[in-house]
Chemist: 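So that we are looking at the same thing, I have put the structure below in structure tokens.
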2 protein chains.
Amino acid sequence: MQAYTASRISLPSHSAQPSLPAAFGRETQQPVSFFPAGSEIYAQGEKAGSFYQVEFGAVRIYRLLADGRRQISAFHLTGETFGFEAGTTHHFFAEAINGTGVRVLRLAAGADISHQLLPLALKGLTRAQEHLLVLGRQNAIERVAAFLFDMAERQGGLRQVELPMSRMDIGDYLGLTIETVSRVFTRLKDKGVIRLLNLRNIEIVKHEALQYMIE
Amino acid sequence: MQAYTASRISLPSHSAQPSLPAAFGRETQQPVSFFPAGSEIYAQGEKAGSFYQVEFGAVRIYRLLADGRRQISAFHLTGETFGFEAGTTHHFFAEAINGTGVRVLRLAAGADISHQLLPLALKGLTRAQEHLLVLGRQNAIERVAAFLFDMAERQGGLRQVELPMSRMDIGDYLGLTIETVSRVFTRLKDKGVIRLLNLRNIEIVKHEALQYMIE
DNA sequence: CGTGGTGTTGATTACTTTCAAGATGTGTGG
DNA sequence: CCACACATCTTGAAAGTAATCAACACCACG
């Protein structure tokens, strides 16, 4: 059994203010905060009310069981938005996987941007529900295939895919152990479906084989 | 492996118009439609744009893999709302589990009720993410315990809990086979945690034991 | 060039599924 | 109201998949 305790590694430092998030008005503009690898963006139980846009890097959203088992419910890559939750407190943890730039968009009191948030929330809902199918009904190789397919798609559908997260993160996202994740990578490599360029970069050789695995 | 094909059993018939859904304005009022047990409310690929409130009965939301494996992502009981989705087409199937009354709330063109929908979408998102933890990181007995705990809570926290769905529905919700679900029910009964009043009604004898199982 | 963390591979164990048979429950028609 | 029939559920035995335990390899860092 793999176990964790949530740790606050360091505080973010503010940096420059690059590209404007297209979907939101100027009034919500905030500078970009930098979060070092492994640092906490928000914690379960903290007051919610902001949301966050990834400028660069990657973020994991997760929950813990009392005995330390961890389930990552989502990864967020550059350009993606996260952090909105029901109620006033966070139900999940958010951490930077690597050094990550995040634009914190604090909701002005009374500002009604629900018509902008709703599509994002619905997209997150659809994503979560699709992930339920993977965790509930697919085996190890299908889960990894679905993960790689999704990551490739979110990176523009290129052959080369970057995996900013560790095997342990992948395992905790797919409901598998790191050993099983590793074995499946090896199997996919031996089948010629993927090539392992290095630990964090893979090439999808047989895209259609991958797609076929996940239906 | 358990397999399904989605079937259209019958069409709904309109009936009386009881209680007003408190959260929504008069302009969205619609009569209650009755859906017989097993009938389809909407299908994957159909045009979305309405949402639905359960007046009585129960609904299952699910997805299918090409080979017939099914994952139920949610059950909806009396008073609950469902059907909002990202994009213009449904990604899921919705079926009445038993004879079910549903109020169909069609969105008037241009009507902006996103501020009413957002909390519902966020609640659904939180629910789905919590379910991810169950499917990804909990074993059979913990899954069933989490399910019973949730059902009890949604029915007012009473000792007696009604399970309107079959063992197969429960299995497809929890990512288990019907045999495993049945065995776990027996184990919980033998431990004195629950009593099986009949197939569709259980009594939670040791509420704290159930809670302890799911942390 | 060590050293600690991360990842891979192998052997064994454990849990859930699958296959199979029997029991229970429900609905229908006589 | 009872009897039959079909569907659903339960239980048992065997098989399969992933987890666990363990050792080793690789990589990044100081």
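Chain letters run A, B, ... following the sequence lines, proteins first and then strands; every chain starts at 1.
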Chemist: Heavy-atom distance under 4.5 Å between the side chains of A/M213 and A/V193, does that happen here?
Modeler: yes
Chemist: Indicate whether OP1 or OP2 belonging to D/dT11 is found under 4.0 Å from a side-chain N or O atom of B/R183.
Modeler: no
Chemist: Would you say that A/L132 contacts B/Y62 through its side chain, given a criterion of any heavy-atom pair below 4.5 Å between the two side chains?
Modeler: no
Chemist: May I ask you to verify if any side-chain N or O of A/T180 is less than 4.0 angstrom from the OP1 or OP2 atom of D/dA19?
Modeler: yes
Chemist: Measure the distance from CG on A/L176 to C1' on C/dG7 and round it to the nearest whole Å.
Modeler: 15 Å
Chemist: Please give, in whole Å, the distance from C/dT6 P to A/L163 CG?
Modeler: 16 Å
Chemist: Take atom CG of B/N198 and atom C1' of D/dA7, then tell me their distance rounded to the nearest Å.
Modeler: 16 Å
Chemist: Hey, is the side chain of A/R200 poking within less than 4.0 Å of OP1 or OP2 on C/dT6, counting only N and O atoms?
Modeler: no
Chemist: What one-letter contact string describes nucleotides 22-30 of chain D from 5' to 3', where B marks a base within less than 4.0 Å of any protein heavy atom, S marks contact via sugar-phosphate atoms alone, and - marks no contact?
Modeler: ---------
Chemist: Taking the six-membered ring of A/F93 (Phe, Tyr or Trp), confirm whether the NZ or CZ of A/R70 is under 6.0 Å from its centre and within 45° of its axis.
Modeler: no
Chemist: Please state how far atom CG in A/D172 lies from atom P in C/dT6, giving the value in whole angstrom units.
Modeler: 13 Å
Chemist: Send over the distance from B/I178 CD1 to C/dA20 C1', rounded to a whole Å.
Modeler: 13 Å
Chemist: Once you round it to whole Å, what is the distance between C1' of C/dT6 and CG of A/N98?
Modeler: 14 Å
Chemist: Does D/dT11 have OP1 or OP2 under 4.0 Å away from a side-chain N or O of B/T186?
Modeler: yes
Chemist: Does any donor-acceptor pair link the side chain of A/R137 with the base of C/dT17 at a separation under 3.5 Å?
Modeler: no
Chemist: Would you say A/T177 places a side-chain N or O within less than 4.0 Å of OP1 or OP2 belonging to D/dA19?
Modeler: yes
Chemist: Indicate yes or no for a side-chain donor-acceptor contact from A/R154 to the backbone of A/F149 under 3.5 Å, with no hydrogens or angles considered.
Modeler: no
Chemist: Can you measure A/M168 atom CE to C/dG7 atom P for me and round it to whole angstrom units?
Modeler: 8 Å
Chemist: Quick check: on DNA chain D, is the nucleotide nearest A/G175 upstream (toward 5') of the one nearest B/L196, or the reverse? Name the residue that is more 5'.
Modeler: B/L196
Chemist: Once the angle between the rings of B/Y52 and B/F82 is folded into 0 to 90°, is it parallel (under 30°), tilted (30 to 60°) or perpendicular (over 60°)?
Modeler: parallel
Chemist: Which whole-number value in Å describes the distance from B/N201 CG to D/dT8 P?
Modeler: 18 Å
Chemist: Counting only side-chain nitrogens and oxygens, does B/S166 get under 4.0 Å of the OP1 or OP2 atom of D/dT8?
Modeler: no
Chemist: Which residue pairs satisfy the salt bridge (charged side-chain N to carboxylate O under 4.0 Å, His left out) criterion with at least one member in residues 189-201 of chain A, sequence neighbours excluded?
Modeler: A/R195-A/E203
Chemist: Show every side-chain hydrogen bond (donor to acceptor under 3.5 Å, both in side chains) that has at least one partner inside residues 206-215 of chain B, sequence neighbours left out.
Modeler: none
